[in-house]
Asker: 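Mind having a look at this structure? Questions to follow.
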Amino acid sequence: MPEITKSYESRDIEKKWYAAWLEAKCFAGRVDAAREPYSIAIPPPNVTGVLTMGHVLNNTIQDILIRRARLEGKSALWLPGTDHAGIATQTVVERELRKQKQTRHDYGREKFVEKVWAWRQEKGGIILEQLRRLGASCDWDRTAFTMDPAYSQRVIAVFVELFNRGYIYRGKRMVNWCPGTQTALSDEEVIMKPVNGLIYRVRYELTNAPGNFIEVKTTRPETIPGDVAIAVHPDDPRYTALIGQTVRRPIGPAAEMPIVADSAVDKEFGSGALKITPAHDKTDYEIGLRHRLPVIDVLNPNGSLNELAGPELAGMDRFAARKKAAEMLKANGALVAEEPYSNNVGYSERADVPIEPRLTEQWWLRYPKIEEAKAAVRDGHIKFYPERWSKVYLHWLENIQDWCISRQLWWGHRIPVWYRKGANRSEPQNWHVSVNGPADPQDWEQEDDVLDTWASSWLWPFATLGWPDAEEMKRAGFNYFYPTTTLVTGPDIIFFWVARMIMAGLELVPNGSAEAGNRIGSKPTQGATGALESLSGIRHSVSEIAPAASGPLTAKQIEARIPFRNVYFTGIIRDQQGRKMSKSLGNSPDPLDLIDAYGADGLRFGIISIAPQGQDIRFQEDRIESGKNFCNKLWNASRFRQMSGEAGDNSSLGAVMARIDPPKFDSDDHAILERLLATTRDVDRCLAEFEFSAAVQALYGFFWNDFCDWYVEVSKAKLQAADTKANCLAIQDLVLRQALLLLHPFIPFITEELWQLLGYAKPGAFIEDSRAEGGDELAKSYASRGLALDHEQIATVQNLKAFVSQARALKAEHNLASRRDVKFSVITSDRDWSILSANAAKANRLAGAAELVRRESVEGAPAAVTALGTLYLDLASTVDVGAEKIRLTKELEALTKHVAGTEARLANQAFVSKAPPAVLEGARKQLADQQAKRAELERLLKSLG
RNA sequence: GGACCUUUAGCUCAGUUGGUUAGAGCGUUUCGUUGACAUCGAAAAGGUCACUGGUUCGAGUCCAGUAAGGUCCA
């Protein structure tokens, strides 16, 4: 057995084990009917992405779940991949082109897309390499990409199918237009930001009453050339007489515009009159429709003004034009005033510029299975952790709007619609919609637009498992791994991704064997087998593998179709000031630097320990450091074990247990095994409830405080005695074994290394080839060895710990902390003296005492009252009586307060009659203990004079 | 405007169904190179649990309201 070195060096060990795991194909997700499946589909990072602290947290949690599942004997699959991230990726490549003063238009669509692929080939997906450094145990052979040919075909097939089912339509509507990237966006991609700007009061002159005006307020004077009317509320008495009259447009091409009455106008806002610019405002557009007003679009796609805005404004950027328009209004007397104004403006999520409402033809999706999607979460088929996010989810579904799925980009899945050449594109009879295109391509032109990225990633959990190709599904183990067990993601993409995946699953997943019945340990049922076989050879036929449901789905169908059973929402990682970590702020540490400094295990342990469920996380590097320190502690405790004696048979739990000898147990043995069992149960529960940081804290406290600070320390005395040594080593082996198994999902590298070094591994096997026994199994194992934990002995350990602590405090109080030759005496009962003398060797060692003697009386020595008697520090020199009195008086005062409180509680008739007996009993015992201690303190003080 | 979250030690946070003297890590002070670990050990100081009211024998915990900070949706 190689010797364990003095300190833990993570670097080489991480490299070594990751390579070994890959070599042995430990991460492969295998269909195994004898095992329960556990599957996770990774939230695919952008192909342009690099590892951030958010990814570290998110993927560490997924790895914990997956590795724990393996240790529980499940067959685990963690399916990795990346997202082509339409806008983000196209922007990155365009930025590179711009450095050479080029645009994508210099290349044309085909060549530009080639460039993007080349970029992806060279630089994309770095993040997957980085995840390996973190220890992520993904099944890399299954790595998917949303632009892979197979995946792309699936995306296209879904478009065709949903079109055929009537969910997709083309329509001219107001969309969120991003002038930066020059594409339409979905509502979800628009971020509302408060903006401080100006609001302009502008007057419009009445055509047939010169010198009379109607006033409006607007933040966008540059759109006045697009005005087509003034609207007032029909019930607004101020304007009743004016309805039907006309006004002159104050700037831009001259025009007379009607004053119309519409109840959508807010009487309270400004003067109660509204300028109507149907091309540039959603409400205006709707009012325009009602009054059959023309639409005058004065903006170019890039946000500059066009010739319809008039010669003075044409060609100017919208913000420059705003100033210019204000000047023009001022010049011709139409500007009444400009006032500071704060309002919410929609910004493009990606380009971070204000979006423009713009009337364009786009492709829209009416969401399928909305009601079932609500039911899936409301009725608990899918569980959200923390539960409260389900409210946000349900609220969004209640108010759901159709999804604009077309994007005016080149990088993405090109929409599979062809228009008959020269024909009107707005008329469906001129469309061809199919996966492979028309048979006579020369007569058709394909739609230029691509799909929203999310319209591909919403298929992720099933499209990565071969769906809808029957053969591929069989190969990928679709029926075994779907629905996936858990999704781990951020709450910021509930709408973008989580909700949409649920609806996609409900609409598109076949009624496979899962729906028919039990998947585990039995062959697929007749029906399912038949379905798969009859479909073999059919490629991408969504309608055959997942026919449209004829009516609302039943609960059973929902259960089978949902893409995941649990959703764990992580918090957002913030810096010390509480700001979101972002590239532009430069406040995000590079996780790879942290791995270099603290090890992947240290980073994982640290980040998990500061990430409570459901709360945002304040990043602190010192917690990562403490993760590293914990690894070092684990390392050194193992080293101590190795140095303490020969290795025994550690090949299994049974083998270790067989070396444990209950008749030789002392109170410390009982106590540590009780804590081991309690910690195991604690971790079991925490992991079942996704309480990762609580699990880590339980393990930290157990290992550091209970095991290292106490058990290992008392071992030093026990290991000297021949009759206790073997049992003590066996107990250490048991504790270390269980600790490594419980810790492995959190800190996989060091636990694997120690598992091997301490001889727990079978030849050629890894730690994850073993089972992590749960609390119940561990308890059974205790029982099978005839071990019954003795709670009286366990309580004794508590008293001994306090006793040692008091002794140390007395020493420190008198500047003797470093001395190991101090003598103590104790006044105590026969019973407590027997405990003390039985544990004298350990206690003296821990307290740094030369000896502990029992006396009938002691005079003038510093003392402390403990549960095992009154402890005295023997001092050769005279005691500082004054200081000693002050110390004891302070303690007495505090205690007296507590006694009074407890007495008052017990004197309260209502308490005595209503409190449960256990509480009452506890209070009485507490009072008795406190009173005894108080009496002893009073006696001590009296003896000091 | 609607919804949600947070407020506990100097800092970051635990505190499960109400029940001993409210805990941890870091930081601070003092002491310590005792043959696992200075990436360590020991001791100590430090909290009217944001505020007000209510329910209760009993509230950090439950309820109502207020204040401050944050998030999402309009």
Side-chain angles (χ1 to χ4, degrees), chain A residues 4-8 187-188 191-192 344 386 388-389 391-392 394-396 398-399 491-492 494-495 571-572 574 576 578-580 598-599 602 606 609-612 614-623 625-644 682 685-686 689 691 693-694 697-698 700-701 704-705 708-709 712-713 715-716 804-813 815-820 845-848 894-895 897-899 901-902 904-916 918-927 929-930:
Chain A
I4 297 177
T5 55
K6 185 163 173 171
S7 67
Y8 173 59
D187 294 342
E188 287 69 32
I191 298 175
M192 300 307 285
N344 281 325
R388 65 185 156 86
W389 290 112
K391 263 188 208 163
V392 176
L394 289 171
H395 182 255
W396 184 73
E398 290 295 339
N399 300 288
D492 50 334
I494 287 184
F495 314 139
I572 293 165
R574 299 176 177 280
Q576 285 290 39
R579 300 173 304 180
K580 248 182 174 171
Y598 306 109
S609 75
I610 54 175
Q615 285 324 123
D616 285 356
I617 295 126
R618 216 52 87 86
F619 180 76
Q620 296 163 277
E621 191 161 331
D622 56 16
R623 296 297 290 263
E625 189 179 357
S626 100
K628 180 192 180 185
N629 294 350
F630 181 78
C631 290
N632 192 59
K633 194 73 179 174
L634 182 63
W635 186 258
N636 272 288
S638 302
R639 182 164 179 258
F640 175 77
R641 163 61 190 93
Q642 196 182 52
M643 293 166 70
S644 297
D682 227 14
R685 185 190 59 77
C686 287
E689 293 169 12
E691 299 270 7
S693 73
Q697 278 159 24
Y700 185 98
W704 204 303
N705 304 124
C708 293
D709 288 348
V712 168
E713 291 305 321
S715 292
K716 287 172 183 173
V804 166
S805 202
Q806 295 273 29
R808 285 165 172 169
L810 280 176
K811 285 170 66 183
E813 203 72 49
N815 297 322
L816 296 169
S818 57
R819 299 279 292 272
R820 308 200 53 78
R845 186 185 181 100
L846 290 180
L895 189 61
K897 263 186 215 161
H898 293 309
V899 171
T902 315
R905 211 141 58 93
L906 283 164
N908 183 346
Q909 265 313 307
F911 174 69
V912 176
S913 60
K914 291 189 183 177
V919 172
L920 197 57
E921 175 74 14
R924 287 195 173 125
K925 181 166 185 319
Q926 185 197 338
L927 181 63
D929 291 349
Q930 287 173 342

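Note that the structure is predicted; figures quoted are calculated from it, not measured. Here is how names work: the chains are called A, B, and so on, in the same order as the sequence lines, proteins then strands, and each is numbered from 1.
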Asker: Rounded to whole angstrom units, what separation is found between the CD atom of Glu813(A) and the P atom of A42(B)?
Answerer: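 Spelled out: CD on Glu813(A) to P on A42(B) is 18 Å.
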Asker: So, using side chain to side chain contact (heavy atoms under 4.5 Å, CB included) as the criterion, who are the partners of Asp187(A) when residues are at least two apart?
Answerer: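 Once residues adjacent in sequence are excluded, the partners of Asp187(A) under the side chain to side chain contact (heavy atoms under 4.5 Å, CB included) criterion are Asn176(A), Gln401(A).
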Asker: Can you figure out which of C57(B), G41(B), U71(B) approaches the side chain of Trp704(A) most closely?
Answerer: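 So the side chain of Trp704(A) is nearest to G41(B).
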Asker: Across the strands shown, which category fits Cys708(A) at heavy-atom distances under 4.0 angstrom: base, sugar-phosphate, nothing?
Answerer: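 The answer is base, as Cys708(A) lies within the cut-off (heavy atoms under 4.0 Å) of a base atom.
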Asker: Which part of the nucleic acid, if any, lies within contact of Ala809(A), taking any heavy atom under 4.0 Å across all strands shown: a base, the sugar-phosphate backbone alone, or nothing?
Answerer: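 The residue Ala809(A) makes sugar-phosphate contact but no base contact.
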Asker: Expressed in angstrom and rounded to an integer, what is the separation of Asn632(A) atom CG from U39(B) atom C1'?
Answerer: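 Going from Asn632(A) (CG) to U39(B) (C1'), I get 5 Å.
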Asker: Should Gln697(A) and Ser609(A) be marked as a side chain to side chain donor-acceptor pair (under 3.5 Å) after you check the CA-CA gap, both sets of side-chain angles, and the distance that decides it?
Answerer: CA-CA 7 Å; Gln697(A) 278 159 24; Ser609(A) 75; 5.8 Å; no
Asker: If the C1' atom of A44(B) is compared with that of A36(B), how far apart are they to the nearest Å?
Answerer: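 27 Å, rounded to whole Å.
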Asker: State which residues pass ring pair (Phe, Tyr, Trp, His ring centres under 6.0 Å) with Tyr700(A); sequence neighbours excluded, sorted by chain then number.
Answerer: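 Residues passing ring pair (Phe, Tyr, Trp, His ring centres under 6.0 Å) with Tyr700(A): Phe630(A), Trp704(A).
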Asker: Can you tell me how far C1' of U6(B) sits from CD1 of Ile572(A), to the nearest Å?
Answerer: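 So the CD1-C1' distance, Ile572(A) to U6(B), works out to 14 Å.
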Asker: Please report, rounded to the nearest Å, how far the C1' atom of A3(B) is from the NZ atom of Lys391(A).
Answerer: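 These atoms are roughly 8 Å apart.
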Asker: Excluding sequence neighbours, so at least two apart, what forms side chain to side chain contact (heavy atoms under 4.5 Å, CB included) with Ser638(A)?
Answerer: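 By the side chain to side chain contact (heavy atoms under 4.5 Å, CB included) rule, Ser638(A) matches Ile4(A), Leu736(A), Leu754(A), Leu758(A).
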Asker: Locate the shortest heavy-atom distance separating Ala698(A) from Asp682(A); write the atom from each residue and the value.
Answerer: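 Result for this residue pair: CB-OD2, 3.6 Å.
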Asker: Separation of Leu810(A) atom CG from U30(B) atom C1', in whole Å?
Answerer: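 My rounded result for the distance is 16 Å.
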Asker: Closest approach to the side chain of Ser7(A), judged atom by atom: which nucleotide of U71(B), A44(B), U39(B) is it?
Answerer: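 Taking heavy atoms from C-beta onward, the closest nucleotide is U39(B).
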Asker: Using heavy atoms to find the nearest nucleotide of RNA chain B for Asn636(A) and Val912(A) separately, return the residue whose nucleotide is more 5′.
Answerer: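 Going by which nucleotide is closer to the 5' end, it is Asn636(A).
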Asker: For a quick check, with a 4.0 angstrom heavy-atom cut-off, what is the B/S/- contact string for nucleotides 12-28 of chain B, read 5' to 3'?
Answerer: BSS----BBB----S--
Asker: In whole angstrom, give me the gap between the C1' atoms of A3(B) and U8(B).
Answerer: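 A3(B) and U8(B) have their C1' atoms separated by 26 Å.
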Asker: Please give the distance between the C1' atoms of C13(B) and G47(B) as a whole number of Å.
Answerer: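 Pairwise C1' distance, C13(B) against G47(B), rounds to 14 Å.
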Asker: Just the atom pairs and distances: protein N or O near nucleotides 72-74 of chain B's N or O, under 3.5 Å.
Answerer:
| unit_1 | atom_1 | unit_2 | atom_2 | d |
| --- | --- | --- | --- | --- |
| A74(B) | N6 | Asn344(A) | ND2 | 3.2 |

Asker: Looking at residues at least two apart in the chain, or sitting in another chain, which of them share a salt bridge (Lys or Arg N to Asp or Glu O under 4.0 Å) with Arg808(A)?
Answerer: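 Expected list: none.
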Asker: Could you pull out all residues at least two apart from Ser7(A) that satisfy side chain to side chain contact (heavy atoms under 4.5 Å, CB included)?
Answerer: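 Only Glu9(A), Asn632(A) meet the side chain to side chain contact (heavy atoms under 4.5 Å, CB included) criterion with Ser7(A).
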Asker: Expressed in angstrom and rounded to an integer, what is the separation of Tyr8(A) atom OH from C40(B) atom C1'?
Answerer: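 Going from OH in Tyr8(A) over to C1' in C40(B) covers 19 Å.
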Asker: Treating a pair as Watson-Crick (purine N1 to pyrimidine N3 plus N6-O4 or O6-N4) or G-U wobble (N1-O2 and O6-N3) with both distances under 3.5 Å, list the stems of 3 or more consecutive pairs that involve RNA chain B.
Answerer: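 RNA chain B forms these stems: B:1-7 with B:67-73, B:10-13 with B:23-26, B:28-32 with B:40-44, B:50-54 with B:62-66.
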Asker: Would Lys633(A) and Tyr8(A) count as a cation-pi pair here, with the cationic atom under 6.0 angstrom from the ring centre and within 45° of the axis?
Answerer: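 Because its charged atom misses either the 6.0 Å distance or the 45° angle limit, Lys633(A) does not stack over Tyr8(A).
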Asker: Identify the pairs formed between an N or O of the protein and an N or O of nucleotides 32-35 of chain B at a distance under 3.5 Å, and give each distance.
Answerer:
none

Asker: Could you work out, with salt bridge (Lys or Arg N to Asp or Glu O under 4.0 Å) as the rule, every residue matching Lys925(A), not counting sequence neighbours?
Answerer: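 Lys925(A) satisfies salt bridge (Lys or Arg N to Asp or Glu O under 4.0 Å) with Asp929(A) once adjacent residues are dropped.
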Asker: Looking at every heavy atom in both Arg905(A) and Phe911(A), which two are closest together, and how far apart are they?
Answerer: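 Minimum heavy-atom contact is O-CD2, 3.2 Å.
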Asker: Measure across Tyr598(A) and Glu621(A) and return the closest heavy-atom pair with its distance rounded to 0.1 Å.
Answerer: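 For Tyr598(A) versus Glu621(A), the nearest heavy atoms are OH-OE2, 2.8 Å.
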Asker: What's the CG-C1' distance between Asp709(A) and G41(B), to the nearest Å?
Answerer: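 The answer, rounded to whole Å, is 8 Å.
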Asker: Identify whether any heavy atom of Lys811(A) sits under 4.0 Å from a base atom; if not, whether one sits that close to sugar-phosphate; answer base, sugar-phosphate or nothing.
Answerer: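 Lys811(A): no heavy atom of the nucleic acid under 4.0 Å.
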Asker: Check side chain to side chain contact (heavy atoms under 4.5 Å, CB included) between Ala694(A) and all other residues, then give those that pass, not counting sequence neighbours.
Answerer: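 Partners of Ala694(A) under the side chain to side chain contact (heavy atoms under 4.5 Å, CB included) test: Cys686(A), Glu691(A).
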Asker: Consider the side chain of Ala910(A), meaning its heavy atoms from C-beta on, and name the nucleotide among A36(B), C57(B), A43(B) that approaches it most closely.
Answerer: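 Output: C57(B).
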Asker: Partners of Arg574(A) by salt bridge (Lys or Arg N to Asp or Glu O under 4.0 Å), sequence neighbours excluded?
Answerer: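 Partners of Arg574(A) by the salt bridge (Lys or Arg N to Asp or Glu O under 4.0 Å) criterion, ordered by chain and then number, come out as Asp616(A).
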